[in-house]
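See structure below.
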Amino acid sequence: EAQVTQNPRYLITVTGKKLTVTCSQNMNHEYMSWYRQDPGLGLRQIYYSMNVEVTDKGDVPEGYKVSRKEKRNFPLILESPSPNQTSLYFCASSLTGTYYEQYFGPGTRLTVT
Amino acid sequence: GENVEQHPSTLSVQEGDSAVIKCTYSDSASNYFPWYKQELGKGPQLIIDIRSNVGEKKDQRIAVTLNKTAKHFSLHITETQPEDSAVYFCAASTPLNRDDKIIFGKGTRLHILP
């Protein structure tokens, strides 16, 4: 089954404790992206990657890091989480970029206390 | 920078009636406009999209119209059903630019009333 998976689905952590949210897709897509969803703000793009070893900032990259060492994986790293990063995070992938349908993962709800 | 405005933020319609959601965008170079539906507890899912060389596209009860001159596009859902209740997002992208970003609207929560 074609899908995007994220782990963990739920995470509660404390300020400053590094964490990684994993994302994996099995569709051989070149483009992958991370979004955060906050009430009243919709979906905002954090980082995206157009291919292996190619990453770029979205609209809200501050406080986040990403890497794309393999085509299928695109982890989101929070080196020092803060409470304002409490949010619902989605990973997505598409064939070659934003000109094609994006397939979203099920989401990761992160709470930073 | 690029901005996408979406209205209304909440919409309630009687089952069987039509629903219309409108979006405007700021970057005249935008050329791809997808609509996503997000059901409770799930990730968004594409329901229809339109590219800038087309003015209208229809898929059963769902249609999207695009006015490039005015820089706005709309989602139309006819004969609404309970399963249409969800949050809908519009988006605009300019993939031919060096930065292949996509900007989403803030979403519309659609309630279908029995």
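Per chain, numbering begins at 1; letters A, B, ... match sequence-line order. Both backbone and side-chain heavy atoms feed into the values below; hydrogens, waters and symmetry mates do not.
L43(A) and W35(B) are not part of a single hydrophobic cluster, where members link through side-chain heavy atoms under 4.5 Å apart. Hydrophobic clustering keeps F74(A) apart from F90(A) (ILVMFWY residues linked when any side-chain heavy atoms are closer than 4.5 Å, directly or through intermediates). Transitive grouping of hydrophobic side chains (ILVMFWY, heavy atoms separated by less than 4.5 Å) keeps V20(B) and L66(B) in distinct clusters. L75(B) and V54(B) fall within a single hydrophobic cluster, where Ile, Leu, Val, Met, Phe, Trp and Tyr are joined by side-chain heavy atoms under 4.5 Å apart, directly or via other members. Clustering ILVMFWY residues whenever any of their side-chain heavy atoms sit less than 4.5 angstrom apart, transitively, puts F104(A) in a cluster other than the one holding I47(B).
Proximity to chain A involves both the backbone and the side chain of P44(B), based on heavy atoms less than 4.5 angstrom apart. For Q38(B), the part sitting under 4.5 Å from any heavy atom of chain A is the side chain, from C-beta outward, and nothing else. With a 4.5 angstrom heavy-atom cutoff, Q45(A) touches chain B only via side-chain atoms. The contact between Y100(A) and chain B is made by backbone and side chain atoms together, counting heavy-atom distances below 4.5 Å. With a threshold of 4.5 angstrom between heavy atoms, Y99(A) approaches chain B through its backbone and through its side chain. Interface remark: T96(A) contributes backbone atoms only to the contact with chain B (heavy atom separation under 4.5 Å).
No side-chain heavy atom of F104(B) sits less than 4.5 Å from a side-chain heavy atom of D59(A).
Shown here is K71(A), whose NZ atom has more than 12 heavy atoms of other residues, nucleotides or ligands within 6.0 Å. No more than 12 heavy-atom neighbours from other residues, nucleotides or ligands sit within 6.0 angstrom of CZ on R109(B). Atom CD of Q60(B) has 12 or fewer neighbouring heavy atoms from other residues, nucleotides or ligands inside a 6.0 Å radius.
Among P34(B), G43(B), S9(B), the residue with the largest count of heavy-atom pairs under 4.5 Å with chain A is G43(B). Of the residues considered (G42(A), P106(A), G107(A)), G42(A) shows the highest number of contacts with chain B, using heavy-atom pairs under 4.5 Å.
Y36(B) and Q102(A) get closest at one heavy-atom pair: OH-N, 2.9 Å.
Note that NZ of K106(B) and CZ of R44(A) are 8.5 Å apart. Values are rounded to the nearest 0.5 Å.
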